[in-house]
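Throughout, residue positions are numbered sequentially from 1 according to the sequence presented. Every value quoted in this text rests on a predicted model; they were computed, and no experiment measured them. Both counts, for ligands and for their atoms, begin at 1 and track the order of listing.
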Amino acid sequence: MVKTPKKCDNIYSVIARKPRMRLSQMLFVTLREDPAEAEIPSHKLLLRAGYIRRIGSGIYAYLPLMWRVLQKVSQIVREEMNAAGAQECLLPQLQPSELWKESGRWETYTKAEGIMFSLIDRQDRELGLGPTHEEVITTVAKDMIRSYRQLPVNLYQIQTKFRDEIRPRFGLMRGREFIMKDAYSFNEDEASLQRSYDAMDQAYRNIISRCGLAYRAVEADSGAIGGSASQEFMILAEAGEDEVLYTEDGKYAANVEKAVSLPKDVKTSPFTTYEKKETPDCNTIEKLCQFLECSPTNIVKNVLYEAVYDNAKTVLVLVSIRGDQEINEVKLNNELVKLASNYQASTLLALTVPDENAQKKWAKKSLPVGYISPNLEDDYIASGEYIEGKFLRIVDKTAVDLENFVTGADETGYHIVGASWNKDFKLPQLICDIRTAMIGDRAVHDTSQTLASARGIEVGHIFQLGTKYSEAMGATFTDENGEEKPIVMGCYGVGVSRLAQAAVEQSYDKDGIIWPVAIAPYQVIIIVPNINDQNQIEVAQNLYDKLNKMGVETLLDDRDERAGVKFKDADLIGIPYRVVTGRSLKSGKVEVVTRKSKESQEIEVKNLVETLHNWVEQGKVNH
Ligand code: ATP
Ligand code: MG
């Protein structure tokens with residue numbers, strides 16, 4: 001006969017189930033000083049307040065307070081993804097190299113970008129640690145999706161990703177092991193993909209707003225795949241690694257990697273006739289303009305790049321651009337990837353400006369650096385099996401319409417002035433937009449608007465992939481007419497751990513973190529100023545029990561510490577509401593301080609639970 005266990009017949013199970021939210025019993029260590037390893041406020045604060053500890057470069061332990069924040073962010077993400085009709089799953093982090101070879105990304109990810117950690121197992125099989133999961137999910141889709149009737153579907157997971165970042169930094173902002181929510185939609189055509197993408201766009205807006213953060217959705221670079229829409233969600237903060245260009249009318253916002261604009265007007269060239277001029281010590285635009293008394297808009301600047309493709313072929317790229325403009329290497333990179341097949345390659349591995357040492361590898365004679373013209377002779381390049389013998393010449397749109405321009409004479413110490421395209425210099429065939437849009441430029445959609453600039457932290461990226469992976473990996477379905485087609489895909493990522501830290505970067509003061517209520521590790525902290533005062537302890541204990549019972553997540557600071565230390569710690573860890581069972585108890589009240597505004601008020605003990613419950617519920621929606 002099976003004995004039904006009596007409720008609570010084991011005292012230890014009761015204790016074990018009781019959450020430990022008394023600071024005296026928690027692993028709780030705060031630091032008074034800023035740790036030397038941290039550069040930005042959020043990183044310093046998370047370390048000081050005991051949320052995270054560094055274990056290695058870009059590798060962090062999420063301590064109990066942090067883990068609560070991460071779980072809250074994850075839960076908000078989960079709820080919004082589910083509401084948008086996506087289904088949660090969990091994919092493997094160990095990924096066989098074959099999948100990545102099928103998609104053609106193994107070489108790029110392990111060698112070129114080198115972002116993927118790879119390893120060889122005891123059976124001599126190559127594996128990668130998942131930096132992202134397109135390959136795995138496409139394999140699943142290939143296996144399971146047969147018919148249009150199964151579409152559309154959207155699968156997501158919340159999981160640790162591994163990326164061997166070149167510069168891991170700023171704590172959780174750019175880790176080598178971090179938590180991401182990634183989702184992948186499978187659609188039958190572009191129109192259906194657009195609907196899935198729009199649903200994700202809305203879900204992302206909801207997620208970030210519910211986390212209590214101010215953000216901007218911006219147009220993003222979609223790599224060399226071309227054409228497909230891509231949007232990033234930026235948390236605006238000084239410490240952001242990304243630059244966002246936007247217009248005040250709210251109609252345009254883009255990552256600088258992608259942004260377009262109208263360049264400033266050209267000043268009329270002071271030169272009217274072609275002439276070769278001696279220009280000693282003029283190897284920069286600034287020096288040249290001073291010497292020739294002209295505007296940088298009169299100059300065609302020529303910059304040499306070395307592009308290495310995945311078949312080891314090196315192509316020397318000569319980019320001509322207007323003197324006042326900067327080259328956007330993301331745009332240039334995308335153009336060069338598109339040209340890969342011209343060089344029997346499939347993708348680009350590296351793009352660099354070759355220094356003198358690098359030049360020695362392929363230059364027959366020393367280059368007139370600083371004095372190069374758009375027509376620099378191909379015979380500077382020594383022939384070699386892996387070297388393309390001709391320069392790939394690209395001209396940015398800004399340089400195409402220049403008249404009477406100044407440019408290098410291919411001879412150190414000399415420039416040409418008053419030059420024209422096609423008369424004096426051959427206009428390169430490849431005309432592209434490869435300039436960096438700049439603050440103050442006029443906007444394309446409305447020339448009365450100028451671009452302003454802000455720093456942002458990218459917390460999400462949604463992207464229309466199209467059929468890149470499904471075609472490469474053979475993930476097809478049969479449409480209504482019985483025709484076999486590649487599945488159209490979208491992918492959508494949220495940096496869960498980055499978002500949690502970005503929240504701190506957006507919300508702190510000199511005393512510490514100010515968590516938005518929705519993602520705070522606890523919503524209330526009760527401080528007992530004097531733990532030897534029985535009344536203070538009893539009231540606190542009672543409120544603590546009641547609040548937690550009501551679902552208000554409450555910490556109890558019952559440590560044997562000075563009251564001042566406890567107040568400082570409460571401010572540092574950033575709990576939205578602080579309750580103090582101090583002197584006001586005499587009149588049946590406790591002091592309640594709102595962390596964000598520092599406003600303090602006395603509230604009757606008997607009303608406290610209900611009041612805080614209401615505040616917390618409101619605080620989760622209004623920030
Ligand atoms: P970034 O441009 O910052 O390198 P990414 O474009 O490589 O990011 P995605 O592949 O789009 O990033 O990943 C989705 C999300 O994961 C990003 O929007 C970001 O929030 C987060 N993320 C990416 N790399 C890291 C990292 N190294 N550490 C923490 N979060 C990251
Ligand atoms: Mg990105």
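Not a single heavy atom of S497 sits under 4.0 Å from any atom of ligand 1. The closest approach between any non-hydrogen atom of T132 and ligand 1 is not below 4.0 Å. The closest approach between a heavy atom of M173 and any atom of ligand 1 is below 4.0 Å.
Around atom 13 (O) of ligand 1, the closest heavy atom drawn from M180, E232, K181, R167 belongs to M180. Looking at R163, Q501, K161, R169, it is R163 that brings a heavy atom closest to atom 12 (O) of ligand 1.
Taking a 6.0 Å sphere around NZ of K596, one finds it holds 12 or fewer heavy atoms contributed by other residues, nucleotides or ligands.
For the pair V494 and ligand 1, the shortest N or O to N or O distance does not fall below 3.5 Å. An N or O contact shorter than 3.5 Å links R498 to ligand 1 by distance.
Of all atoms in ligand 1, numbered sequentially from 1 with element shown, those under 4.0 Å from a heavy atom of E165 are 24 (N), 26 (C), 27 (N). Taking every non-hydrogen atom of V459 and a distance limit under 4.0 Å, the qualifying atoms of ligand 1 come out as 18 (O), 20 (O). For ligand 1 and E458, the ligand atoms under 4.0 Å from any heavy atom of the residue are 1 (P), 2 (O), 3 (O), 6 (O), 8 (O), 11 (O), 12 (O), 17 (C), 18 (O), 19 (C), 20 (O). Every atom of ligand 1 with a heavy atom of G460 under 4.0 Å away is listed here by number and element: 18 (O).
A donor and an acceptor atom, one from each side chain of Q231 and Y197, are nowhere located under 3.5 Å apart. Between the side chains of E79 and Q75, at least one donor N or O lies within less than 3.5 Å of an accepting N or O. Remark: the N255 side chain and the D221 side chain contain no N/O donor-acceptor pair separated by less than 3.5 Å.
In this structure, F477 has its ring center at least 6.0 angstrom away from the ring center of Y148.
At a heavy-atom distance under 4.0 Å, no atom of L499 approaches ligand 1.
Every residue two or more places apart in sequence or in another chain was checked for a side-chain hydrogen bond (donor to acceptor under 3.5 Å, both in side chains) with R53, and none qualifies. In terms of the side-chain hydrogen bond (donor to acceptor under 3.5 Å, both in side chains) criterion, residue partners of D324 (sequence neighbours excluded) are, by chain and number, R322.
Note on ring orientation: taking the six-membered ring where Trp is involved, the planes of F233 and Y215 are tilted (angle from 30° to 60°).
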